[in-house]
Amino acid sequence: MFYIKDASEYIGKEVKIRGWLYNKRSSGSIKFLLIRDGTGIMQGIMIESELDPQVFSKFDDLTQESSLKVTGTIREDKRAPGGYEITIKDVEIYQIADEYPITPKSHGTNFLLDHRHLWIRSKLQNAILNVRSELIQAIRDYFYQNGFAMVDSPILTKAIGEEAATLFETDYFDLGKASLAQTGQLYAEAAIFSLNKVYTFGPTFRAEKSKTRRHLIEFWMIEGEEAFYDNEMNMDLQEDLVEYFVQRVVERAHQHLETLERDISALEKVRKPFYRISYDECVEILKKNGSPIEWGQDLGGEDQTILSTHYDKPVFIYNFPKHAKAFYMKEHPENPDLVLCSDLFAPEGHGEIIGGSQREDDYDKLLNRIREEGLPEEAYGWYLDLRKYGSVPHSGFGLGLERTVGWVCGIEHVREAIPFPRLINRIYP
RNA sequence: UCCUCGGUAGCUCAAUCGGCAGAGCGGGUGGCUGUUAACCACUAGGUUGCAGGUUCAAGUCCUGCCCGAGGAGCCA
């Protein structure tokens with residue numbers, strides 16, 4: 001089957017394009033159809049003097065997004081968008097589309113989100129979804145090539161993970177309430193004792209009442225977990241992974257990045273080593289740049305923006321205060337107020353894309369932290385077991401896919417980085 | 001939950017001091033032999049988010065509510 005992206009291989013040949021009408025123009029007895037087939041957009045020409053009148057008149061019936069099959073010869077022509085065009089010999093119509101809501105002029109976000117099922121057909125959204133697809137493939141390939149096993153963590157769980165206030169609950173037969181997973185990490189930790197290095201790749205759910213450009217209710221997370229890795233090695237791994245997938249997208253999705261008018265030179269700078277700054281240093285830098293942050297607090301949205309505009313490459317902030325971070329992070333051996341962890345911030349104002357840490361591997365210390373945080377001890381029985389039967393130092397991290405897609409594509413809001421975003425006040429379409 | 005901004009034609013927006021409800025796109029009709037979000041002419045299209053109030057007169061001012069956007073908190 002012929003696809004528009006392969007046009008250069010078909011010059012002078014007769015082909016059939018199956019697709020949808022993107023737009024049309026006419027100047028009387030010469031008419032232009034812009035046809036898209038998901039791989040590209042190609043201009044078709046209909047010339048009255050060279051066409052059967054019955055075929056020529058089909059132009060008038062065609063509406064935006066009508067589905068059609070055109071037969072014709074591919075030619076190179078500088079006047080055509082994309083450099084190639086098809087001289088049409090025949091037009092077969094699958095369906096005449098109803099009046100299409102998304103016109104070739106500008107629309108507001110609310111309207112576009114209401115029509116997300118149609119919006120994804122547009123040029124920029126198509127490019128974003130293509131980059132997302134390339135990115136996912138690159139991440140999977142990286143893990144495969146580096147000896148990681150893929151494990152699937154459960155989506156229905158007993159409340160265990162991040163925070164009880166942000167759980168989606170559902171009835172689970174005679175066993176009370178279950179909730180949708182907020183993370184697969186704890187299960188990934190169990191899996192390293194079987195497989196050594198693992199990653200999970202799945203949807204996660206957080207019922208946070210967040211309305212910011214960085215938040216989705218349902219988002220996809222990639223979580224690496226590595227036996228016998230300390231926090232330093234964990235950062236080395238993240239750095240290597242991020243460099244790999246960014247460079248691979250630059251290489252294989254170049255055209256889509258150009259469609260998005262992404263500054264590709266900024267992505268080409270994403271090479272090891274990244275910057276690494278301790279939390280202590282970070283607080284000093286932020287204070288100098290006018291942040292009201294005090295030692296002991298986690299970084300706010302404004303702080304993230306300051307940091308990620310300050311550097312031209314991703315930057316790690318490591319070793320946060322214990323009480324700003326999750327219970328499972330390992331206490332710093334020389335300073336019990338700190339934990340061994342790191343957040344990775346993407347440059348150009350895009351903010352946090354990874355949170356990682358070395359995990360607490362000492363049974364008593366972990367139990368202590370669970371009690372300090374007032375977590376339901378009984379739900380963590382199996383997780384504590386991992387510290388009883390051959391506990392080892394280990395580390396891991398979670399990469400937010402949509403934030404990463406947003407950064408690589410250079411788009412403002414994560415809601416465009418996923419085909420059908422789930423937002424606090426939106427579950428349609 | 002809190003703060004800020006917004007809601008006018010299918011869509012994007014305008015409407016001066018409170019004084020006749022407007023334009024572009026999209027739809028319809030006609031024209032044009034190389035168009036590039038084509039262009040030109042004509043045309044149809046309105047419960048100004050909802051409910052009250054002030055006024056001779058409200059899209060505009062006041063009160064309440066609904067909906068949306070951005071941000072805070074929280075996080076990937």
Using the P atom as the point on both nucleotides, what is the distance between B:rA41 and B:rC32, in whole Å? 16 Å
Could you give the distance separating B:rU12 and B:rU29 at their C1' atoms, to the nearest angstrom? 25 Å
Represent RNA chain B in dot-bracket notation, 5' to 3'. Only Watson-Crick or G-U wobble pairs with both distances under 3.5 Å count; pseudoknot-style crossings use [ ] and interstrand partners use |. (((((((..((((.....[..)))).(((((.......))))).....(((((..]....))))))))))))....
Minimum heavy-atom separation for A:Asn319 and A:Leu340, please, with both atom names. OD1-CA, 3.5 Å
So that I can tick it off, tell me whether A:Glu348 and A:Arg262 are bridged by a salt bridge, with the cut-off set at under 4.0 angstrom between side-chain N and carboxylate O. yes
By nearest heavy atom, map A:Tyr100 and A:Leu216 onto RNA chain B; which one lands nearer the 5' end? A:Tyr100
Can you tell me the distance, in whole Å, between the CD1 atom of A:Ile222 and the P atom of B:rA76? 13 Å
May I ask you to say what A:Asp77 touches in the nucleic acid, namely base, sugar-phosphate or nothing, with a heavy-atom cut-off under 4.0 Å? base
If you measure from the P atom in B:rA23 to the same atom in B:rC66, how many Å do you get, rounded? 36 Å
Under 4.0 Å between any heavy atoms, over every strand shown, what does A:Glu85 touch: base, sugar-phosphate, or nothing? Just pick one. base
For the pair made of OH in A:Tyr428 and P in B:rC67, what is the distance, rounded to whole Å? 18 Å
Pick base, sugar-phosphate or nothing for A:Gln43, based on heavy-atom distances below 4.0 Å to the nucleic acid. base
So, A:His215 and B:rC75: ring centres less than 5.5 Å apart, planes less than 30° off, yes or no? yes
In whole Å, what separates the P atom of B:rA15 from that of B:rU4? 24 Å
Any donor-acceptor pair under 3.5 Å between the side chain of A:Arg25 and the base of B:rC32? no
With a 4.0 Å cut-off on heavy atoms, is A:Lys211 in touch with a base, just the backbone sugar-phosphate, or nothing at all? base
Whole-Å distance, A:Ile35 CD1 to B:rU35 C1', equals 14 Å
Report the distance from atom CZ of A:Arg415 to atom P of B:rG68, rounded to the nearest whole Å. 13 Å
Within the 4.0 Å heavy-atom criterion, would you say A:Ile45 contacts the bases, only the backbone, or no part of the nucleic acid? base
B:rC25: syn or anti, per glycosidic angle within 90° of 0: anti
Any A:Ser29 side-chain nitrogen or oxygen under 4.0 Å from OP1 or OP2 of B:rU33: yes
For A:Pro81, which contact category applies under a 4.0 Å heavy-atom criterion: base, sugar-phosphate, or nothing? base
Quick one: which of B:rA72, B:rG34, B:rG27 gets closest to the side chain of A:Arg214? B:rA72
With a 4.0 Å limit, can you tell me whether A:His413 has a side-chain N or O closer than that to the phosphate oxygens OP1/OP2 of B:rG70? yes
Rounded interatomic separation in angstrom, taking CG from A:Leu344 and P from B:rC75: 18 Å
Whole-Å distance, A:Ile47 CD1 to B:rG34 P, equals 10 Å
Where A:Tyr3 and A:Asp37 come nearest, the two heavy atoms and their spacing: CA-OD2, 3.4 Å
Which nucleotide in the list B:rG68, B:rC74, B:rG34 gets nearest to the side chain of A:Arg426? B:rG68
So what does A:Ser27 hit on the nucleic acid, given a heavy-atom distance under 4.0 Å: a base, only sugar-phosphate, or nothing? base
So is A:Lys69 actually on top of A:Tyr94's ring, under 6.0 Å and inside 45° of the axis? no
Please indicate yes or no: is the ring centre of A:Phe32 less than 5.5 Å from the centre of the six-membered base ring of B:rG34, with the two planes inclined by under 30 degrees? no
Please verify the inter-ring angle class for A:His115 with A:Phe111; under 30° counts as parallel, over 60° as perpendicular, anything in between as tilted. tilted
Examine the base of B:rC32 for any acceptor or donor lying under 3.5 Å from a partner atom in the side chain of A:Ser26, and report the outcome as yes or no. yes
Would you indicate, yes or no, if B:rG71 has its OP1 or OP2 atom less than 4.0 angstrom from a side-chain nitrogen or oxygen of A:Arg213? yes
Span that lies between the C1' atom of B:rG68 and that of B:rC50, in whole angstrom: 15 Å
A:Arg75 vs A:Ile86 side-chain heavy atoms within contact, under 4.5 Å: no
Which value, in whole Å, describes the distance between the C1' atoms of nucleotides B:rG7 and B:rA51? 16 Å
State yes or no: are the ring centers of A:Phe148 and A:Tyr199 separated by less than 6.0 Å? no
Looking at the side chain of A:Glu208, which of B:rG71, B:rA76, B:rG27 is the nearest nucleotide? B:rA76
Measure CG/A:Leu62 against P/B:rU35 and give the value in whole Å, please. 21 Å
Which whole number of Å gives the distance between the P atom of B:rG64 and that of B:rC5? 15 Å
Check every strand shown and say whether A:Gln304 touches a base, only sugar-phosphate, or nothing at a heavy-atom separation below 4.0 Å. base
Would you please classify the geometry between the A:Phe397 ring and the A:Phe143 ring as parallel, tilted or perpendicular, with 30° and 60° separating the classes? parallel
side-chain N/O A:Asn110 vs B:rC67 OP1/OP2, d < 4.0 Å: no
Are A:Arg116 and A:Gln125 linked by a side-chain donor-acceptor pair shorter than 3.5 Å? yes
Among B:rC25, B:rU12, B:rC75, the one nearest A:Phe111 by side-chain distance: B:rU12
Using a heavy-atom cut-off of 4.0 Å across all strands, would you classify A:Leu399 as base, sugar-phosphate, or nothing? nothing
Are a donor atom and an acceptor atom from the side chains of A:Glu99 and A:Thr63 found within less than 3.5 Å of each other? no
Take the angle between the ring planes of A:Tyr10 and A:Phe2 and call it parallel below 30°, perpendicular above 60°, tilted in between. perpendicular
Send over the distance from A:Ile217 CD1 to B:rC75 C1', rounded to a whole Å. 11 Å
Residue whose closest nucleotide on RNA chain B lies nearer the 5' end, A:Ser49 versus A:Asp60: A:Asp60
Work out how far the C1' atom of B:rU48 is from that of B:rG10, and round it to whole angstrom. 16 Å
